[in-house]
Amino acid sequence: MNLSEVRTRYAPSPTGDPHVGNIRTAIFAWAMARANNGKFLLRLEDTDQARLVPSSVDAIYESLRWLGIDWDEGPDIGGPHGPYVQSQRLEMYQAAASNLMAKGAAYRCFCTAERLDAMRAAQAAAKQAPGYDGRCRAIPAAESAARARSEPFTVRFRMKTAGQTVLHDIIRGDVAFENALQDDFVALKSDGFPTYHLALIIDDTDMRISHAIRGEEWISSAPKHLQVYEALGLQPTAFAHLPLIVGPDRKKLSKRSGDTALLDYARGGYLPDAMLNFLVLLGWSLDDKTTIISREQLLQHFSLERVVPNPALFDLEKLHYLNGQYIRDIPEADWLDLVATWADRTLPPTVARPLDRALLARAAPLLKERIPTLAAIGPALQFFFGDSAPAYPRELLWEKTGGGPETAKAVLAEAIAALDGIGAASWHADEVQTAIRGLEGPLGSKLRKFVSALYVAIEGSPTGLPLFDSIAILGRERTLARLQAALALV
RNA sequence: GGCGCGUUCGUCUAGUGGCCUAGGACGCCGCCCUUUCAAGGCGGAGAUCAGGGGUUCGACUCCCCUACGCGCUACCA
């Protein structure tokens, strides 16, 4: 074992689907390990039996895999320091708690939840700082042991009452906490499960973690952790408290504040690489001008020194931009597959399956530069399917032509006449284009002026995929039928 | 209330005493390209570096105070 090896971990508690803030922490920890030729591990912190959501374990794996984050040790693949699930390590925590008690660094607390609640209520009423009052701090060992045989109890850690505990944070520098202000926390619950504060130390030590990388919300409890390390005679890990990701309300992003589950973005048609790039930019930068950062660059250049301390706002606009960039970067062959699977996924069930692969292949290139997310593929393609164009109000036919119904009528009639002259064998985008451009003369109007009527007749909307290609793909019969239908509508 | 963290264009950020009349990106605006919509190209507006004191020849950068925001304050993580 190389003592200086960088070993980081992502240790989520399976209490819900991982949200983006949480995953960003995973990304940084992973990147830190990879950038230093270290190891990245996954550990499940399932010590809160009440809040456990079994399905979230799968969501955790799925989230990580979707983003392409790999781990070297974990619950599913094992490793030399397992098990990697806290509920399977209970004896270790209990042993540590006993050890702490033997050293006088912890004690049994027999206070009931009711008494604790009442105590806090009283403190609040008296405008005092809330905190454990130390009632069980001085119970003699013999009495404590005796009561333990018949009463439920927790094990509280005895915090120092004087001096300071100083955290050396990689991102924030030294942070000092007054010991007198800290109160004794529960390390082992009455159900025999440890709290995070105890489990963290045991596991990080046992798993040889070098850097504890976590959200800023943990910084206040750092003195607890530092003191436990000291009481146990253990060398603490290095600490890096990442800035929070906040929502539009500037408050910590959480399950409550909107759709923040990472997998919602996977389902919403975002590319994992785009999401990774976006998340990485929240709190970290490669240099002074790089926005598009590849996975390789990240894994090679990531460093905690370039993480900023201030909270970042989750900005969908930038995500959209990045997603577009990555979409345009997809090789043609892969793009067709993506279009096929997302068309199938996002086209309404009324469209017959299997989808026409040849049609998809012709439409795919048209899509690439104009959709913000993969989920937009179905809606953009929908007009290709079915006998008629998607329903639209008749006013749309002339709204953007600058004229009225007569204008639309003329455009449609001329277009029908011109396109009708193209035989089925030469029904290609070029011929279609020539025919429609040829309308400028008879109509006495510029193409860009009257073309919206045709977009509406064919696609059901004045904006959409390029008209000439769309008409070519749609085919002669259906095109003419749609133009006729539009003419009848006017 | 207490403790802690934070504060550079609307947003994400660059910046570690002189390179800053503060750079990049998103968004916004305009022009170009153009069959619509996009994409792309070019350009523009946008930050008295939260405010106030210091230190220094010189501060966005160092120190202090204030304000504001957020986090924590559970037998949750």
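Every chain is numbered from 1 and lettered A, B, ... according to where its sequence line falls, protein lines coming before strand lines. No hydrogens, no waters, no symmetry mates; every other heavy atom, side chains included, goes into these values.
For B:rA22, there is no paired base (Watson-Crick or G-U wobble, both distances below 3.5 Å). Pair check for B:rG43 finds B:rC29; Watson-Crick or G-U wobble, both atom distances under 3.5 Å. Under the Watson-Crick or G-U wobble criterion, with both distances below 3.5 Å, B:rC9 is left unpaired in every strand shown. Pairing of B:rC49, defined by two Watson-Crick or G-U wobble distances under 3.5 Å, is not identified with any nucleotide. Base pairing analysis places B:rG71 opposite B:rC3; the two distances defining the Watson-Crick or G-U wobble pair are each below 3.5 Å.
For A:P130, whose side chain is taken as the heavy atoms from C-beta onward, the closest listed nucleotide among B:rG1, B:rG6, B:rA14 is B:rG1. Closest to the side chain of A:V308, out of B:rC26, B:rA14, B:rA77, is B:rA14. Proximity note for A:K318 (side chain, C-beta onward) versus B:rG71, B:rC12, B:rA74: the nearest is B:rC12. Considering only side-chain atoms of A:R328, the nucleotide from B:rA39, B:rC5, B:rU35 that sits closest is B:rA39. Counting only heavy atoms from C-beta on, A:T463 has its side chain closest to B:rC37 among B:rG24, B:rC37, B:rC75. Here the side chain of A:L244 is nearest to one of B:rG71, B:rC75, B:rU73, namely B:rG71. Each of B:rG4, B:rA25, B:rU35 was ranked by its minimum atom distance to the side chain of A:V175; first place goes to B:rG4. Side-chain proximity of A:L313 to B:rG24, B:rG6, B:rC12: nearest is B:rC12. Picking from B:rU11, B:rG4, B:rA25 the nucleotide with the shortest atom distance to the side chain of A:I219 gives B:rG4. Residue A:R437 places its side chain closer to B:rU35 than to any other of B:rA74, B:rU35, B:rC70.
Along RNA chain B, the nucleotide nearest A:T291 and the nucleotide nearest A:S221 are compared for position; the residue whose nucleotide lies closer to the 5' end is A:T291. Each of A:Q433 and A:A312 lies near RNA chain B, and the nucleotide nearest A:A312 is the one positioned closer to the 5' end.
Side chain A:K368 to base B:rA39: no donor-acceptor pair is found below 3.5 Å. Side-chain atoms of A:R51 and base atoms of B:rC76 include a donor and an acceptor less than 3.5 Å apart. At a cut-off of 3.5 angstrom, the base of B:rC75 holds no donor-acceptor pair with the side chain of A:T195.
A:Y107 has its ring centre no less than 6.0 Å from the ring centre of A:F153. Taking the centre of each ring, A:H225 and A:Y196 come in below the 6.0 Å mark.
Look at CZ on A:F314: it is 18 Å from P on B:rC26, rounded to the nearest Å. What separates CD of A:Q182 from P of B:rG2 is a distance of 16 Å, to the nearest Å. Taking atom CG on A:L198 and atom P on B:rC76, their separation rounds to 12 Å, with Å as the unit. Rounded to whole Å, the distance from CZ on A:R306 to P on B:rG24 is 16 Å. Across the protein-nucleic acid pair, A:R250 atom CZ and B:rG69 atom P stand 13 Å apart, rounded to whole Å. Rounded to an integer number of Å, the gap from CG of A:L188 to P of B:rA74 is 19 Å. Distance, A:N277 CG to B:rA25 C1': 11 Å, rounded to whole Å.
Among the heavy atoms of the strands, none lies under 4.0 Å from A:G324. Counting any heavy atom pair closer than 4.0 Å across all strands shown, A:S220 reaches a base atom. Across all strands, A:Y321 comes closer than 4.0 Å only to sugar-phosphate atoms, never to a base (heavy-atom distances). A:R448 comes within 4.0 angstrom of a nucleotide base, judged by non-hydrogen atoms across all strands. Within the 4.0 angstrom heavy-atom criterion, no nucleotide atom of any strand lies near A:T290. Using a 4.0 Å heavy-atom criterion, one finds that A:Q86 contacts no nucleic acid atom at all. Nucleic acid contact class of A:A222 (heavy atoms, under 4.0 Å, all strands): none. Contacts of A:L467 with the nucleic acid, taken as non-hydrogen atoms under 4.0 Å apart, include base atoms. If you check every strand for non-hydrogen atoms under 4.0 Å, A:C111 touches a base. Within 4.0 Å (heavy atoms only), A:P466 reaches at least one base atom of the nucleic acid. Using a 4.0 Å heavy-atom cutoff across all strands shown, A:W218 reaches at least one base atom of the nucleic acid. Within 4.0 Å of A:S452, counting heavy atoms only, lies no atom of the nucleic acid at all.
B:rA74 and B:rC68 are spaced 25 Å apart, taking the P atom of each and rounding to whole Å. As rounded to the nearest Å, B:rU8 and B:rG46 have C1' atoms that lie 13 Å from one another. Taking atom C1' in both B:rU48 and B:rC9, one finds a spacing of 13 Å when rounded to whole Å. Between B:rU13 and B:rA22, the distance separating the two C1' atoms is 13 Å to the nearest Å. A gap of 11 Å separates the P atoms of B:rC63 and B:rG6, to the nearest Å. Between B:rG71 and B:rC57, the distance separating the two P atoms is 43 Å to the nearest Å. Separation of the P atoms belonging to B:rC72 and B:rA39 is 39 Å when rounded to the nearest angstrom. Atom P of B:rG53 sits at a distance of 41 Å from the matching atom of B:rG30, rounded to the whole Å.
Using a 4.0 Å cut-off between charged side-chain N and carboxylate O, A:R482 and A:E459 make no salt bridge. A salt bridge is defined here as a Lys NZ or Arg NE, NH1 or NH2 lying under 4.0 Å from an Asp or Glu carboxylate O, and A:R9 with A:D203 fails to meet this definition. Using a cut-off of 4.0 Å between Lys/Arg side-chain N and Asp/Glu carboxylate O, A:E216 and A:K252 are scored as not salt-bridged. Using a 4.0 Å cut-off between charged side-chain N and carboxylate O, A:K318 and A:D315 make no salt bridge.
Considering only side-chain N and O atoms, A:R214 lies nowhere under 4.0 angstrom from the phosphate OP1 or OP2 of B:rC72. Using a 4.0 Å cut-off, no side-chain N or O of A:K289 falls inside it from OP1 or OP2 of B:rA14. Proximity of A:K189 to the phosphate of B:rA77: a side-chain N or O atom is located under 4.0 Å from OP1 or OP2. Within the structure, every side-chain polar atom (N or O) of A:T15 is placed at least 4.0 Å from both OP1 and OP2 of B:rC76.
Between the A:H19 side chain and the A:G21 main chain, a donor and an acceptor come within less than 3.5 Å of each other.
Under the stacking definition used here (centres under 5.5 Å, planes under 30°), the residue A:Y455 qualifies as stacked on the base of B:rU36.
Of the candidates A:Y265, A:Y270, A:F314, A:F314 is the only one forming a ring pair (Phe, Tyr, Trp, His ring centres under 6.0 Å) with A:F278. With A:D184 as reference, A:R137 is the one residue of A:R158, A:R137, A:R156, A:K160 to meet the salt bridge (Lys or Arg N to Asp or Glu O under 4.0 Å) rule.
Cation-pi geometry between A:R306 and A:F302 is not met: the NZ or CZ atom fails to fall both under 6.0 Å from the ring centre and inside 45° of the normal.
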